[in-house]
Amino acid sequence: MPTYNPKVIEPRWQRYWEEHKTFKTPDDSPKPKLYILDMFPYPSGAGLHVGHPEGYTATDILCRYKRMRGYNVLHPMGWDAFGLPAEQYAIQTGTHPAVTTQQNIETFRRQIKMLGFSYDWDREINTTDPAYFKWTQWIFLELYDTWYDKEQGRGRPIRELPIPPEIQAQGNDAVRAYQDSKRLAYMAEVPVNWCPALGTVLANEEVIDGRSERGNHPVVRMPLKQWMLRITDYAERLLADLETVQWPHAIKEMQRNWIGRSVGAEVDFALAPPAGPATIRVFTTRPDTLFGATYLVLAPEHPLVDAVTTPAHRATVTAYKNQAATKSDFERTELAKTKTGVFTGAYAVNPVNGAKIPIWIADYVLGSYGTGAIMAVPAHDERDFEFARQFRLPIVPVVLPPETWLKHSRVGGIVASLAAGDVPQLSRENVSHPQPHLPTVSQFEYKVMTAAHRVWDECGGDTTRILQRLYGDHVEWFGCFVDEGTAINSGPFDGLSTAEFKTKVTAWLAEHGKGASKVNYKLRDWLFSRQRYWGEPFPILHEVDATGKRTGNIAVLSLDELPLTLPELEDYQPTGKPEPPLSKAKDWLTVVRDGKRYVRETNTMPQWAGSCWYYLRYLDPKNDQAFCDPAKLKKWLPIDLYVGGAEHAVLHLLYSRFWHKVLYDRGHVPCPEPFLRLVNQGMILGEMEYTAFQKISGGAVPPGLVSAEQVDFDGDVAVHKKTAAKLMLIKLDEDQVEKKGDAFVLKEDPSIRVDARAYKMSKSRGNVINPDQVVDQYGADSLRLYEMFMGPLEAVKPWSMRGVEGVFRFLNRVWRLMIDERAENMRLLDAVQDVEPDKETLQLLHHTIKKVTDDIEALAFNTAISAMMELANHLTRQTVRPRSVLKTFVLLLSPFAPHVAEELWQVLNGFREGTLAYEPWPSYDESLLKSDTLQVPVQINGKLRAVVTVPADCDKEKLEKAALADTKIRGLLEGKTIRRIVVVPAKLVNVVTD
RNA sequence: GCCGAAGUGGCGGAAUGGCAGACGCGCUGGACUCAAAAUCCAGUGUCCUCACGGACGUGUGGGUUCAAGUCCCACCUUCGGCACCA
């Protein structure tokens with residue numbers, strides 16, 4: 001009984017493709033190239049998630065389609081296999097991470113192969129393979145060997161770095177130190193997340209709300225010598241080149257925000273006597289507000305803090321500094337609802353007006369951004385405003401807001417009502433006789449009105465002018481104004497617009513040697529080392545003296561010493577000190593070279609390292625002479641389409657682009673951007689869940705159900721809004737609820753609203769769909785088809801097992817369209833005949849070819865599948881099914897459901913041996929897309945009233961005539977005056993009447 | 001708070017400014033069957049009507065247009081990202 005049985009046909013075709021190397025990609029094909037890439041997975045112990053095949057299926061469909069269109073398609077897969085979970089497992093069980101990793105890769109590979117993706121498996125890579133990370137280490141050394149020439153705007157070899165004569169004069173060590181200070185890879189003391197309870201340093205992603213993810217222990221910041229990559233040097237190009245790539249707008253925007261470019265000025269404030277000759281340099285994006293700077297703030301870690309602090313304030317300043325240093329970033333931000341800070345006792349001189357202003361320190365100023373110091377302009381900066389109010393510092397307005405802003409302010413409202421005479425007890429006339437305790441007028445309103453009245457006549461009763469006066473005199477009434485306006489209280493600059501002011505004052509500052517324009521970025525240099533075992537070792541040696549102390553000199557391994565592999569360790573337990581586990585490998589650690597003693601770098605590279613360049617290695621995965629043959633790079637780059645999850649929107653993509661640009665500058669890759677076009681697949685959520693809330697008896701609320709609108713619910717914990725009592729969650733079945741209005745309610749009691757939503761899949765929630773089970777039950781073709789049929793690729797969408805069943809039924813229907821299920825062996829139905837299709841069928845077929853072709857090109861797979869369903873439904877109704885039509889249909893289906901398509905293709909072609917993977921893609925005949933007659937809707941005043949059938953080539957006049965001739969339309973137009981008739985040929989007729 | 005995306009039947013979703021709801025799920029009825037499953041056929045936005053037919057309908061309010069789910073303005077909600085970046 002040859003019924004549709006994916007369990008038999010899928011493994012068979014997978015074996016066929018593998019044995020025949022059907023999808024092996026030649027490097028020397030004359031066909032046009034396409035490089036279509038999936039973000040490679042981290043092979044976790046949990047196995048493949050249904051989210052993975054979403055993007056993989058999309059690209060696979062496109063690849064299969066493009067091959068049939070005559071392209072030479074490169075479509076590889078590999079493993080991003082360094083990372084924490086394998087190491088955690090090693091700590092717990094003693095199993096070497098390489099073993100765990102290998103097992104996980106086996107599982108992932110089996111699962112991915114079971115889905116029938118057309119990868120060229122000969123190009124498979126693994127970031128933990130020494131033959132791979134040899135080149136990761138090599139690239140690191142290239143970064144180490146590169147400095148950024150700001151004049152030329154590109155990275156250059158360190159030997160080309162010009163050495164200033166005064167450095168040269170100080171000897172070799174000075175030269176080396178100078179070079180080291182310019183390298184793209186450099187060492188610096190930076191704070192890390194040290195967890196004393198776990199005795200280890202944690203990655204940022206292991207720290208949640210200032211505590212360790214495992215065990216919930218406190219995490220403190222501790223300075224540690226780390227490798228850093230100077231990505232900030234590339235900030236400008238990373239930003240600018242976003243213009244050249246076809247990425248989703250949102251992702252570009254996220255990268256722009258992350259880079260965070262802002263243009264402003266650095267301004268030098270001299271210290272007021274007696275503090276000394278030093279100046280404090282601040283960064284501001286609003287040099288136009290310089291006249292409003294009423295105090296300076298230094299970050300607590302600013303190097304000049306100790307120097308400026310006066311003896312009388314030293315104790316409080318030191319205490320504040322210590323407090324700020326031990327606080328985690330989390331505490332500094334989240335807990336700092338109110339601003340804190342202390343006065344240093346010192347004063348600075350405002351360079352534009354000579355005003356003496358106090359210098360404070362406060363942790364709302366970050367040491368790591370700009371110069372670590374700011375000029376505070378409380379009238380025009382929210383944070384400064386808040387701080388100034390708290391510490392009663394002066395607020396001077398220097399930007400006059402536009403009229404509309406003033407009128408919409410609280411003061412504007414009061415002045416308006418005063419002008420309109422809406423305050424009977426307090427009209428313009430009697431406001432001059434103080435009556436401060438009128439019941440309907442607040443103290444504040446009274447103050448405003450009195451002040452307004454005082455300037456009323458002077459301003460000619462003009463409310464705008466009154467408000468402008470009040471703003472100048474009482475800015476604190478108006479609050480903070482941060483937008484652009486007109487300069488006031490700014491001496492010679494008064495009356496200038498914000499933009500003009502900025503230009504002029506920056507020029508003035510430069511002229512007087514007190515400042516210069518400056519661009520700053522939020523982007524920080526990339527912390528590139530981890531205190532971990534399971535990562536790439538750095539190919540770096542630190543020279544040590546006789547006592548074992550580092551001399552500060554660094555040597556690098558040469559290419560023939562690479563790869564530097566990880567030492568075997570007996571235990572993977574953290575050292576208990578902030579020292580990486582590699583420091584335990586004593587034999588591995590020490591190296592003697594040319595009579596000098598060295599210790600190896602014990603940090604390892606972060607997981608990003610391997611994924612930063614993997615797309616290059618696919619092009620030449622087995623090369624042991626170079627990371628890739630330049631000819632192959634030239635042939636295949638850039639990547640035509642890159643598909644993956646939006647969780648990599650910022651870091652992975654930014655880091656890869658950075659490495660790529662460095663390699664480009666050093667002449668190793670031929671193009672400045674790696675990923676020409678990027679598409680993010682949307683997340684797949686679990687099945688829809690319905691939740692009711694029940695009070696817990698004995699609590700603050702009596703037992704019973706609570707309607708959802710009275711509940712604060714985050715998906716895990718529900719709290720009664722009024723009583724703050726915790727509520728119990730009750731999972732409901734779909735048929736216990738119904739829709740009422742725009743919400744779901746309980747069928748039994750429609751007054752009880754129910755929460756309905758789909759959640760992110762997670763082990764703890766128990767809503768994870770395992771692809772193995774889906775394939776076991778319905779087959780890979782159904783899984784692939786369903787993942788594409790769910791909705792647009794980019795959209796977030798909930799899983800539905802019934803939906804899988806729906807596409808499975810479709811594949812069964814396709815099968816039965818041609819296969820005689822009642823026969824003993826595989827054979828075609830008698831209905832399948834070598835006849836010419838009728839016109840309707842032919843037209844539908846060509847319509848479907850066009851639709852599927854266009855939709856694949858647009859990655860709109862869901863609608864392509866709908867179109868094929870419609871064709872299948874049509875053919876099901878036909879008693880005679882032309883073989884030619886079925887053959888075309890199977891080719892259309894093949895990128896989506898390749899196994900069943902191959903099987904049916906065989907039968908349709910008389911069991912001829914071979915694959916359809918390189919059959920030419922069906923083409924359509926334009927002339928068959930149009931039918932002879934058209935159904936054209938006829939509207940009266942925009943409302944559909946009739947449909948008329950006309951010849952396809954019906955012109956405007958004939959169409960209008962046909963519409964008006966329609967009996968129904970005639971009846972409805974009876975006695976009406978026709979004012980206008982809109983005729984859109986082949987589309988519609990709209991009759992406009994009175 | 002800031003930036004971005006999205007709101008259409010019971011559900012997933014479809015619609016170059018031109019017949020809203022294609023296709024699928026679910027549901028209802030029918031055929032087949034001793035029966036069930038599977039399959040096939042028909043129906044299925046809401047309300048009014050025996051029916052013919054009609055009214056309403058794409059988060060809310062306004063606007064542009066002969067015509068708006070689609071364009072413009074304001075707002076609401078949900079999701080994602082960032083968050084003292086001067």
Side-chain angles (χ1 to χ4, degrees), chain A residues 3 248-254 256-258 260-262 264 282-286 289 297 332-334 336 339 362-366 368-377 380-384 386-387 520-524 646-647 649-650 680 682-683 685 687-688 734-735 737-739 742 744 756-758 786 789-792 794-807 809-810 812-813 816 821 860 862-870 872-873 876-877 935-947 979-984 986-993:
Chain A
T3 53
H249 171 76
I251 302 292
K252 286 191 186 183
E253 207 54 38
M254 280 163 76
R256 285 190 197 110
N257 289 341
W258 192 263
R261 182 182 200 266
S262 51
V282 304
F283 174 70
T284 176
T285 54
R286 290 295 297 271
T289 61
V297 188
R332 253 174 93 154
T333 55
E334 196 69 15
K339 296 212 169 2
D363 67 5
Y364 83 91
V365 174
L366 306 175
S368 51
Y369 182 76
T371 61
I374 61 153
M375 62 174 206
V377 186
H380 306 293
D381 182 281
E382 295 278 2
R383 299 152 300 188
D384 299 342
E386 209 183 297
F387 191 81
N520 258 316
Y521 303 92
K522 276 201 277 188
L523 184 70
R524 305 291 150 79
E647 65 273 19
V650 177
N680 289 117
M683 206 192 329
L685 306 175
E687 297 243 6
M688 182 84 113
E734 202 187 330
D735 43 65
V737 299
E738 63 186 349
K739 188 107 177 205
D742 54 0
F744 280 90
R757 64 176 105 159
Y786 174 65
F789 188 58
M790 292 172 88
E794 299 90 335
V796 176
K797 43 213 176 271
W799 188 267
S800 156
M801 221 55 200
R802 281 183 176 145
V804 184
E805 222 166 291
V807 295
R809 284 209 283 260
F810 163 64
N812 272 286
R813 213 152 54 234
R816 288 194 306 268
E821 288 190 301
N862 53 333
T863 46
I865 296 168
S866 297
M868 290 188 284
M869 285 173 167
E870 283 176 85
N873 290 346
T876 302
R877 288 188 288 268
Q935 311 235 299
V936 178
V938 183
Q939 300 178 333
I940 295 177
N941 295 328
K943 294 202 173 175
L944 178 72
R945 294 300 173 191
V947 177
R979 293 175 51 111
R980 184 175 168 186
I981 300 178
V982 182
V983 183
V984 185
K987 283 277 185 214
L988 112 169
V989 179
N990 188 11
V991 184
V992 185
T993 69

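Lettering follows sequence order; numbering is per chain, from 1.
- The phosphate of C23(B) (OP1 or OP2) has no side-chain N or O of Arg809(A) nearer than 4.0 angstrom.
- Formation of a donor-acceptor pair under 3.5 Å by the Tyr786(A) side chain with backbone atoms of Ser800(A) is found in this model.
- Residues Ser368(A) and Arg524(A) bring a donor and an acceptor atom of their side chains to less than 3.5 Å of each other.
- Close to A86(B), at under 4.0 Å from its OP1 or OP2, lies a side-chain N or O of Ser262(A).
- Within the structure, every side-chain polar atom (N or O) of Arg816(A) is placed at least 4.0 Å from both OP1 and OP2 of A38(B).
- Between the base of C84(B) and the side chain of Lys339(A) there is a donor-acceptor pair shorter than 3.5 Å.
- For G54(B), neither phosphate oxygen OP1 nor OP2 lies less than 4.0 angstrom from any side-chain nitrogen or oxygen of Lys943(A).
- At the phosphate of G24(B), OP1 or OP2 sits under 4.0 Å from a side-chain N or O atom of Arg813(A).
- At A14(B), one or more side-chain N or O atoms of Asn862(A) fall inside 4.0 Å of OP1 or OP2 (strictly under the cut-off).
- Residue Thr863(A) has its side chain nearest to A14(B) when only A14(B), A86(B), G10(B) are considered.
- G45(B) shows a glycosidic angle more than 90° from 0 and is accordingly assigned anti.
- Here CZ of Arg945(A) is found 6.5 Å from CD1 of Ile940(A). Values are rounded to the nearest 0.5 Å.
- We find the CE-CZ distance between Met375(A) and Arg286(A) to be 9.0 Å, quoted to the nearest 0.5 Å.
- Counting non-hydrogen atoms under 4.0 angstrom, Lys797(A) reaches the backbone sugars and phosphates but no base.
- Contact annotation: Asn873(A) reaches the phosphate of G24(B) (side-chain N/O to OP1 or OP2, under 4.0 Å).
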